[in-house]
Undergrad: 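First the structure, then my questions, so here it is.
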There are 4 protein chains.
Amino acid sequence: MSVYTTMRTVRFSHCDPAGIIYYPRYFDLIHEAKEDWFRYALKYPFAQMFGERRNGFPIAHVEADFTGPSRLGEDLTIALTIEKIGASALHLHYAVACAGEPRMEARTVIVHVELDTGRPVRIDDDLRERLERFRDGPG
Amino acid sequence: MSVYTTMRTVRFSHCDPAGIIYYPRYFDLIHEAKEDWFRYALKYPFAQMFGERRNGFPIAHVEADFTGPSRLGEDLTIALTIEKIGASALHLHYAVACAGEPRMEARTVIVHVELDTGRPVRIDDDLRERLERFRDGPG
Amino acid sequence: MSVYTTMRTVRFSHCDPAGIIYYPRYFDLIHEAKEDWFRYALKYPFAQMFGERRNGFPIAHVEADFTGPSRLGEDLTIALTIEKIGASALHLHYAVACAGEPRMEARTVIVHVELDTGRPVRIDDDLRERLERFRDGPG
Amino acid sequence: MSVYTTMRTVRFSHCDPAGIIYYPRYFDLIHEAKEDWFRYALKYPFAQMFGERRNGFPIAHVEADFTGPSRLGEDLTIALTIEKIGASALHLHYAVACAGEPRMEARTVIVHVELDTGRPVRIDDDLRERLERFRDGPG
């Protein structure tokens, strides 16, 4: 199973008065990991998806566990894997860690839609093939 | 069962290139609802919790379903209820709607900690009483 | 000269590890004040400007002075005034204070554009009249 | 004169319903550039400044010009230079561009303070020397 891994630093803007990440910012970080994955691994940048194709991938469901605080200046690894490729839904898993220590784990379900109607639309063959190739690849 | 209800407008800063709320901003909105609830319903503002008492309530778990897009300028109601008061954990439920139409529903588990050690600490009797009074109150 | 005044609470999400507002969040706050002013005072909501009219008001210039820290839970007043109504440019002034104590002051120049081309376009007579009526009004 | 240059991608979370950067996010980006500069060029990470030394560098003044829209997925370069090293104030300049095309230029004045009192405090000799070495360096 392939894993797409990227790194993010805990920024001043992410931290709360307790000096740790304010939890909604974790969702910004995993969203950025997904953007990079689409761009660099799937070769299908969000700018193209939104601009030319007029498709999007809004979220339908998320669940997350937070297992330890992340502090200003720490470098986090975010590991993204595909859990399931449905007709229009895509199930992704994220594991966020710092130097091997788990910090946050999330599962999301995102749904392929037409931007102009907001209606779910089947993941087309080209994108499906790229997703399957990633999922089944050597990593 | 008591419900604490507050309103929030979908702001320019919440919206993405599709003109709808970028989902991490929903967590900002329900966090603000919780801040208002602590301040106005429980009479225990976050500033006091963090500043004087040196306690916090970081998140341990969240799950959320997104049932419809929210657009720039819409006025959302956020309804907060208590699902469970544990030893140090507090289980909250949020229902976000626009003119009665459900948009997002979330369950969170937050844990009472000492800020300086990060260790879970029992919800003290004074706060526990306020939480129970809210939960059992007329709304 | 008319002043449009609105209030905003310093939120957990606005604060940095020093427990004070992280300065870019002030620009979120004054943007929200401008959104409210367009909606409630000028009766021309941003949702209508962007959606139906396909116009926008991107920023061309900003300058700001920060005169004191704002802390978690403080209630800030934001006072907006018009400094100049140009052909397509609008010069606004914002004064942010807490209980009369100045915290931040900003001047911005925003420019009326067509969204689809990004080109500056004259502020039309209807909007101009509303702006002038506000500027010259009793407050 | 030395220039510290870093790159940032325009993220989904930065963009507004017009598909361009919502301007307060530029200040997040230049703040991140400053954090990287302190960490990698000055070898004085913010985490150390805030945590061990209990010093900070809040903003006193900012002015910025926005010369062109930045769009989802674009890669921006941020070039930071020192304009002046005062007793406790530090004057920085930022130039943000995309493929050589200027997008935003900012000048900021930040002030060295003791975190616990908020009072301005002289930039100590060790930091001053690092700043001067950077300013006078080969770039």
Side-chain angles (χ1 to χ4, degrees), chain C residues 13-35 45-71 89 94 103-120, chain D residues 13-35 45-71 89 102-120:
Chain C
S13 68
H14 299 144
C15 291
D16 67 19
I20 62 174
I21 286 190
Y22 165 67
Y23 87 88
R25 299 299 164 256
Y26 273 119
F27 297 108
D28 287 307
L29 294 177
I30 68 173
H31 200 287
E32 292 186 12
K34 182 179 60 183
E35 291 170 48
F46 264 52
Q48 188 186 349
M49 192 199 303
F50 271 74
E52 296 165 31
R53 301 275 186 90
R54 303 295 299 153
N55 285 327
F57 256 121
I59 198 148
H61 179 76
V62 62
E63 50 190 87
D65 291 288
F66 304 85
T67 45
S70 294
R71 298 185 182 284
Y94 301 88
R103 294 291 171 81
M104 185 255 202
E105 191 179 7
R107 286 186 159 76
T108 66
V109 181
I110 59 177
V111 178
H112 198 232
V113 301
E114 289 181 339
L115 278 193
D116 298 320
T117 62
R119 291 219 194 100
Chain D
S13 68
H14 299 144
C15 292
D16 67 19
I20 61 175
I21 287 191
Y22 166 65
Y23 88 88
R25 300 298 165 258
Y26 274 119
F27 297 107
D28 287 308
L29 294 176
I30 67 172
H31 199 286
E32 292 187 11
K34 182 180 59 182
E35 291 170 47
F46 264 52
Q48 188 186 348
M49 190 199 303
F50 270 74
E52 297 164 30
R53 301 278 185 90
R54 303 294 299 152
N55 284 327
F57 255 122
I59 198 149
H61 179 75
V62 63
E63 49 190 90
D65 291 288
F66 304 85
T67 45
S70 295
R71 297 185 183 284
R103 294 292 171 80
M104 186 256 204
E105 191 179 8
R107 285 184 159 79
T108 66
V109 182
I110 59 178
V111 178
H112 198 231
V113 302
E114 290 181 340
L115 277 194
D116 298 318
T117 63
R119 292 220 192 99

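Here is the naming used below: chain letters follow the sequence lines, and residue numbers restart at 1 for every chain.
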Undergrad: Which one, C:Leu115, C:Asp28, C:Asp65, leads in non-hydrogen pairs under 4.5 Å with chain D?
TA: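 Answer, by heavy-atom pair count under 4.5 Å with chain D: C:Asp28.
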Undergrad: Out of D:Tyr23, D:Phe27, D:Tyr26, which residue meets the side chain to side chain contact (heavy atoms under 4.5 Å, CB included) rule with C:Pro24?
TA: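 The option that passes is D:Phe27.
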Undergrad: Can you tell me which portion of D:Phe46 sits under 4.5 Å from chain C's heavy atoms? Options are side chain, backbone, both or neither.
TA: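 Neither the backbone nor the side chain of D:Phe46 comes within 4.5 Å of chain C.
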Undergrad: Taking only heavy atoms into account, what residues of residues 54-63 of chain D are found under 4.5 Å from chain C?
TA: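 Those residues of residues 54-63 of chain D which have a heavy atom under 4.5 Å from chain C are D:Ile59, D:Ala60, D:His61, D:Val62, D:Glu63.
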Undergrad: So for D:Arg25, is it side chain, backbone, both, or neither that comes closer than 4.5 Å to the heavy atoms of chain C?
TA: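 It is the side chain, since no backbone atom gets that close.
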